[in-house]
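The structure appears below as structure tokens.
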Amino acid sequence: MPNLHLTKDQVQALTTFLMGSQESSLPASYQYRPLDYRRDIQEGWWIVKKYNCMSCHEFMPGQPTSPFRP
């Protein structure tokens, strides 16, 4: 394994990131799965994260969702 000359804080941050990227092994009963409008919000944020929309666009809590704002 190569020596990347990382500090202890960098190693810890990288380890935390990699461990947090793993799929959760929680039972389905522990997962939050809303059946109303909150499901639409949850799925919308999944798309925002998947396509990294926030790298170019800024989202503010409570902003209108219509693209036809004046």
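Keep in mind that what you see is a predicted model, and the values were worked out from it rather than measured.
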Donor-acceptor contacts under 3.5 Å from residues 39-48 side chains, at least two apart:
from  : atom 1 : to    : atom 2 : distance (Å)
Arg39 : NE     : Glu43 : OE2    : 2.9
Gln42 : NE2    : Tyr32 : O      : 3.3

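- Scanning for side-chain contact (heavy atoms from CB on, under 4.5 Å) contacts around Ser55 gives Asn52, with sequence neighbours left out.
- Closest approach of His5 to Gln10, counting heavy atoms only: O-OE1, 4.3 Å.
- Partners of Asp36 under the salt bridge (charged side-chain N to carboxylate O under 4.0 Å, His left out) rule, at least two apart in sequence or in another chain, are Arg38.
- Here Leu18 is tied into one hydrophobic group with Leu4, Leu6, Val11, Leu14, Phe17, each link being a pair of ILVMFWY side chains closer than 4.5 Å.
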